[in-house]
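Numbers here are sequence positions counted from 1. Excluded from the calculations below are hydrogen atoms, water molecules and symmetry mates; all remaining heavy atoms, backbone and side chain alike, are included.
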Amino acid sequence: MGRLFLINLEGKFYCCKHCQTHFALDDDIISKSFHCRHGKAYLFDKVVNVTIGEKEERMMITGLHTVVDLFCVVCGSIVGWKYEAAYEKSQKYKEGKFILERYKVLGPDGSLYMAAQEAHAALSDADDI
């Protein structure tokens, strides 16, 4: 294994809740209206300091997608997924975009999202699980 080079982000960013490795800028959020098993998830245009898993087909509320899981490059924690392909025409905008699960990352202010904060919120049809 060689030397690990990390990208350090400036400004408001999201980072790993375990090791504080930087992942994405607040300015790169496309949508905050996604959901996953642990509550909220955010769709990002760009993400850094992650490795990807194997491609797999995953059925979500919005249809079938080909995705790869995202892992923190430092501690190996799974932090979200990347959309490789969407089969529904209305979902094509997700291709090449990244989901970070809010439960698994610290917010720009260092806050940790707790699923209980959203326990009473209902999932909308447009949100992914």
Side-chain angles (χ1 to χ4, degrees):
M1 190 162 169
R3 174 175 261 191
L4 186 62
F5 291 96
L6 297 176
I7 296 172
N8 288 312
L9 301 172
E10 293 185 20
K12 293 181 176 183
F13 59 84
Y14 290 82
C15 64
C16 181
K17 77 174 186 179
H18 300 290
C19 66
Q20 288 73 52
T21 298
H22 299 187
F23 290 141
L25 291 171
D26 189 59
D27 289 342
D28 288 330
I29 292 176
I30 296 169
S31 174
K32 291 184 176 182
S33 65
F34 285 74
H35 283 80
C36 62
R37 290 185 194 109
H38 296 78
K40 282 188 171 240
Y42 296 169
L43 183 68
F44 286 86
D45 189 40
K46 293 179 254 179
V47 172
V48 297
N49 299 324
V50 294
T51 57
I52 61 171
E54 296 290 320
K55 283 185 182 181
E56 65 179 77
E57 303 293 313
R58 202 173 287 169
M59 182 56 77
M60 299 184 180
I61 289 175
T62 55
L64 185 65
H65 296 79
T66 301
V67 299
V68 291
D69 286 329
L70 301 176
F71 300 90
C72 175
V73 75
V74 173
C75 71
S77 297
I78 186 167
V79 295
W81 65 88
K82 178 182 179 186
Y83 289 102
E84 293 289 329
Y87 299 99
E88 303 276 336
K89 186 176 180 181
S90 66
Q91 301 302 305
K92 292 285 187 186
Y93 76 95
K94 296 176 184 175
E95 292 181 343
K97 304 296 188 267
F98 304 85
I99 287 286
L100 290 180
E101 296 184 44
R102 191 60 184 90
Y103 175 76
K104 298 179 179 185
V105 298
L106 297 177
D109 59 358
S111 63
L112 178 61
Y113 170 82
M114 298 305 227
Q117 294 170 336
E118 298 280 325
H120 64 280
L123 294 176
S124 75
D125 289 339
D127 298 334
D128 288 327
I129 291 185

Problem set entry | Under the salt bridge (Lys or Arg N to Asp or Glu O under 4.0 Å) test, residues paired with E88 that sit two or more places apart | none

Problem set entry | ILVMFWY clustering at 4.5 Å (side-chain atoms), partners of F71 | I78

For this session: Write down the atom of K40, the atom of K32, and the distance for their closest heavy-atom approach.
Result: NZ-O, 4.0 Å

Problem set entry | Intermediate values then yes/no, side chain to side chain contact (heavy atoms under 4.5 Å, CB included), L4 and V74 | CA-CA 8 Å; L4 186 62; V74 173; 3.9 Å; yes

For this session: State the SG-NZ distance between C16 and K104, to the nearest 0.5 angstrom.
Result: 10.5 Å

Problem set entry | Path from V79 to L106 over hydrophobic side-chain contacts below 4.5 Å | no

For this session: Enter the distance from M60:CE to C36:SG here, rounded to the nearest 0.5 Å.
Result: 10.0 Å

Exercise. Do L43 and Y93 pass the side chain to side chain contact (heavy atoms under 4.5 Å, CB included) test, and can you show the C-alpha distance, the side-chain angles, and the key distance before you say yes or no?
Worked result: CA-CA 11 Å; L43 183 68; Y93 76 95; 3.9 Å; yes

Exercise. Which heavy-atom pair separates L100 from A24 by the least distance, and what is that distance?
Worked result: CD1-CB, 4.0 Å

Exercise. At what distance, to the nearest 0.5 angstrom, does NZ of K82 lie from CZ of F44?
Worked result: 15.0 Å

For this session: Measure the CD1-CG distance between I52 and L70 for me, rounded to the nearest 0.5 Å.
Result: 8.0 Å

Exercise. Looking at CD of E101 and CZ of F34, how far apart are the two atoms once the value is rounded to the nearest 0.5 Å?
Worked result: 13.0 Å

For this session: Report the distance from atom CG of D28 to atom CZ of F23, rounding to the nearest 0.5 Å.
Result: 14.5 Å

Exercise. Just by distance, do the side chain of E84 and the backbone of V67 share a donor-acceptor pair under 3.5 Å?
Worked result: no

Exercise. Which residue pairs pass the salt bridge (Lys or Arg N to Asp or Glu O under 4.0 Å) test when at least one of the two sits in residues 63-80, sequence neighbours left out?
Worked result: R58-D69

For this session: Could you list all the side chain to side chain donor-acceptor pair (under 3.5 Å) pairs where at least one residue sits in residues 41-55, not counting sequence neighbours?
Result: none

Seminar exercise, completed: Closest non-hydrogen contact found for R102 with V105 is NH1-O, 2.8 Å

Exercise. Members other than L25 in its cluster, when Ile, Leu, Val, Met, Phe, Trp, Tyr link by side-chain heavy atoms under 4.5 Å?
Worked result: I7, L9, F13, V48

Exercise. Between T66 and Y83, is any side-chain donor less than 3.5 angstrom from a side-chain acceptor?
Worked result: no

Problem set entry | Contacts of type salt bridge (Lys or Arg N to Asp or Glu O under 4.0 Å), residue E57, not counting sequence neighbours | none

Exercise. What do the steps show when you test W81 against E56 for side chain to side chain contact (heavy atoms under 4.5 Å, CB included), and what is the final call?
Worked result: CA-CA 11 Å; W81 65 88; E56 65 179 77; over 6 Å; no

Exercise. Any side chain to side chain donor-acceptor pair (under 3.5 Å) pairs touching residues 6-24, not counting sequence neighbours?
Worked result: Y14-D26

